[in-house]
Amino acid sequence: MQVFENFAVDDFLRSCDKPFTLKDFTRQMREKGFNLNQDESDAYLAESPYVFQVESGEFLTRAAAFTGKYFSFTLTQEEIKNKMFIPGHRFMPFVDEMQNPASFTFVYDHKTLASKIGEFRKETVLDLYRLFGEEYEVQYIASDPALADLDLAAVDFELPSRVKITGCDISHFIETIGLTVGDRILCRVINWDKGIIEIEPIHRERENNSGAIQIQDSDRERILWCEKFEKSLIKIIETEGPCSTIEEQLAFTFFDNIETLCTKNCDSVENFLAHSKKIGLELFGVETRLWYKNQIVPAVGSWNGSEMEKDPGELQNLTFKIPEYVLDSYLKDFEYGKEKDLSVLMKRMFPANFVLTNEEKKYVFLHIAERHAIIKNGYNYFADYPVGAIRKYALSLYSLVSALVYDVETSNAQFNQFPQQELVILSQLFTHINRILESINSNPDAAVEDATTLELSIEGMECNYYDIVDAIRYVVEKQRRNDFKVI
């Protein structure tokens, strides 16, 4: 039921084209056969990447916010040479972030334009995908159908010097209107759900065929656009911080200033970053964010200050923090290892310094035993064998990372007392290893197919863990020593 419920929610949020309230959303779900209470509806909307909340308390979908809004980009020399453009990150945040750029449909004058595969220098392609983050750009590029035969794991996640990539054929515009390097493509999404984008080539007139570009009012407007965009982005950096992704930073920036920034004479994020003296792409743990140039992106700031104040006495017990898919993973690993003693597994699941009362131990053990009976009943060792080793490796890292998270949470040290980059990396490791375990648990066949990539990913995360553990534990131990008082 949960799967179909999620589909129903996504279907509504991908297509709703007007503001709606929490009550509207709950009513729509009820009409689809899903009776959600207010808390459940609120949780769906809070967690969805498809929704903005506006000041009135209403909600607006990404589809409603960005459909029909203008944005643009500038053509490069290699694109003109190949007579095509590469979508890459250029349509961020106006399109569905989960849609592969190679699958967009482009139209001009109500006619669908042909797609085309071209070969570009690796450096060019990486530049056109860098807003996905340096940590993800290669995977996004490799997901292009033109690179279906490329085994990234076999080449240590390195792209070849020449990369085949899918784009939109613009040979007609080059031949008819003389579209060339430096000219722009003006875009607007006309169907957000299906990824259909209308384009308009903008050719810059040159004076007396001399090649000199005439300075027009539109050029001055684009200069002013960059200034407005910078102010808007800085406001988001100050109020929302690094967000969850670069895409989310851009989504907030454009949404908050949509009438000012989405004009026909708009410039692009690419061009802004190429000339900005204040903002650049900076490391955020093992990821990348838009931030002040040459400054570390902190874990703690005005955007999360109140949330980062800790009172150890108010912490939730870790007993209730272990997700069901993690518990199931431990139990499947228990069967995979042909173990017999659940009490040993219970010790492995919790940090060494985690203390349970006798009553809590009975409750937790009973829950584990009940869940184990369900897992064991349907467990098949031979079917599980291909994924068992990957799960075991992931769980060994999960145990290390979750124990360190527990040490940080139960320390009397405030979050801003920890080294910020290391704290960010720990948070990212915890999120990523949870996602891997959830993926392995829900789709083991896909995990087997992607085994080499998963193992390399876990190996890299394990290295990151050992890079940060000493610096974080130093603060924990220092605080513990300070907590002892001589009487």
Quick one: does [X]'s side chain have a donor or acceptor within less than 3.5 Å of a partner on [Y]'s backbone?
X: D24; Y: T21; value: yes
X: N380; Y: A383; value: yes
X: T61; Y: V51; value: no
X: S48; Y: L13; value: no
X: S103; Y: N100; value: yes
X: Q417; Y: V475; value: no
X: Q428; Y: F284; value: yes
X: W192; Y: A64; value: no
X: E230; Y: I279; value: no
X: E282; Y: N294; value: yes

Are more than 12 heavy atoms, taken from residues, nucleotides or ligands other than [X], located less than 6.0 Å from that residue's [atom1] atom?
X: F157; atom1: CZ; result: yes
X: K32; atom1: NZ; result: yes
X: E134; atom1: CD; result: no
X: K376; atom1: NZ; result: no
X: Y292; atom1: OH; result: yes

Rounded to the nearest 0.5 Å, how far apart are [atom1] of [X] and [atom2] of [Y]?
X: E409; Y: L404; atom1: CD; atom2: CG; answer: 10.5 Å
X: Y379; Y: E335; atom1: OH; atom2: CD; answer: 6.5 Å
X: Q38; Y: E40; atom1: CD; atom2: CD; answer: 11.0 Å
X: L131; Y: R289; atom1: CG; atom2: CZ; answer: 12.0 Å
X: L150; Y: L159; atom1: CG; atom2: CG; answer: 7.0 Å

Going by the angle between their ring planes, with limits at 30° and 60°, are [X] and [Y] parallel, tilted or perpendicular?
X: F71; Y: F94; value: parallel
X: F350; Y: F354; value: parallel
X: F229; Y: F272; value: perpendicular
X: F415; Y: F418; value: tilted
X: F20; Y: F12; value: perpendicular

Does a side-chain heavy-atom distance below 4.5 Å link [X] with [Y]?
X: L281; Y: I246; result: yes
X: K228; Y: K231; result: no
X: L60; Y: F255; result: yes
X: P101; Y: F91; result: no
X: V95; Y: V189; result: yes
X: E287; Y: T245; result: no
X: L342; Y: L331; result: yes
X: L290; Y: L233; result: yes

Considering only NZ, NE, NH1 and NH2 on the basic side and carboxylate oxygens on the acidic side, decide whether [X] and [Y] come within less than 4.0 Å.
X: R90; Y: E270; value: yes
X: E339; Y: R348; value: yes
X: E58; Y: K18; value: no
X: D256; Y: K235; value: no
X: R14; Y: D193; value: yes
X: D407; Y: R473; value: yes

As a quick check of understanding, evaluate salt bridge (Lys or Arg N to Asp or Glu O under 4.0 Å) for K392 and D333, giving each step before the final call. CA-CA 6 Å; K392 182 176 288 294; D333 182 62; 3.0 Å; yes

Using distance alone, with no hydrogens and no angle criterion, decide if [X] and [Y] have a side-chain donor and acceptor under 3.5 Å apart.
X: Y325; Y: S439; result: no
X: T288; Y: E135; result: yes
X: S41; Y: T26; result: yes
X: N353; Y: Y406; result: no

Is it the case that the ring center of F52 lies less than 6.0 angstrom away from the ring center of F66?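 Yes: the rings meet the under 6.0 Å criterion.
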
Where do V269 and F254 land on the side-chain contact (heavy atoms from CB on, under 4.5 Å) test, with the steps shown first? CA-CA 11 Å; V269 177; F254 279 100; 4.1 Å; yes

Shortest non-hydrogen contact between [X] and [Y], atoms and distance:
X: G285; Y: Q421; result: N-NE2, 3.4 Å
X: G280; Y: L273; result: CA-CD2, 4.3 Å
X: V54; Y: F59; result: CG2-N, 4.4 Å
X: Q420; Y: V300; result: OE1-N, 2.9 Å
X: W291; Y: I296; result: NE1-O, 3.7 Å
X: L147; Y: I141; result: CD1-O, 3.4 Å

Output, in order, the C-alpha distance, side-chain angles, deciding distance and verdict of side-chain contact (heavy atoms from CB on, under 4.5 Å) for K122 and E158. CA-CA 10 Å; K122 174 178 71 175; E158 280 289 328; 3.7 Å; yes

Start with the C-alpha gap between D328 and R371, add the side-chain angles, then the distance that decides, and say whether salt bridge (Lys or Arg N to Asp or Glu O under 4.0 Å) holds. CA-CA 8 Å; D328 287 356; R371 192 64 193 165; 2.7 Å; yes

Run the numbers on I234 and K278 for side-chain contact (heavy atoms from CB on, under 4.5 Å), then give the verdict. CA-CA 9 Å; I234 287 174; K278 292 183 180 179; 4.2 Å; yes

Check against ring-ring contact (aromatic ring centres under 6.0 Å, His included), Y129 and Y140: CA-CA 8 Å; Y129 277 79; Y140 270 97; 7.2 Å; no

Expected list for residues 452-466: side-chain donor-acceptor pairs under 3.5 angstrom, two or more places apart:
{"from": "T453", "atom 1": "OG1", "to": "D450", "atom 2": "OD1", "distance (Å)": "3.4"}
{"from": "E462", "atom 1": "OE1", "to": "Y393", "atom 2": "OH", "distance (Å)": "3.0"}
{"from": "N464", "atom 1": "ND2", "to": "G460", "atom 2": "O", "distance (Å)": "3.3"}

The test is side-chain contact (heavy atoms from CB on, under 4.5 Å); show your working for N434 and E438 and say whether it passes. CA-CA 6 Å; N434 267 280; E438 186 175 17; over 6 Å; no

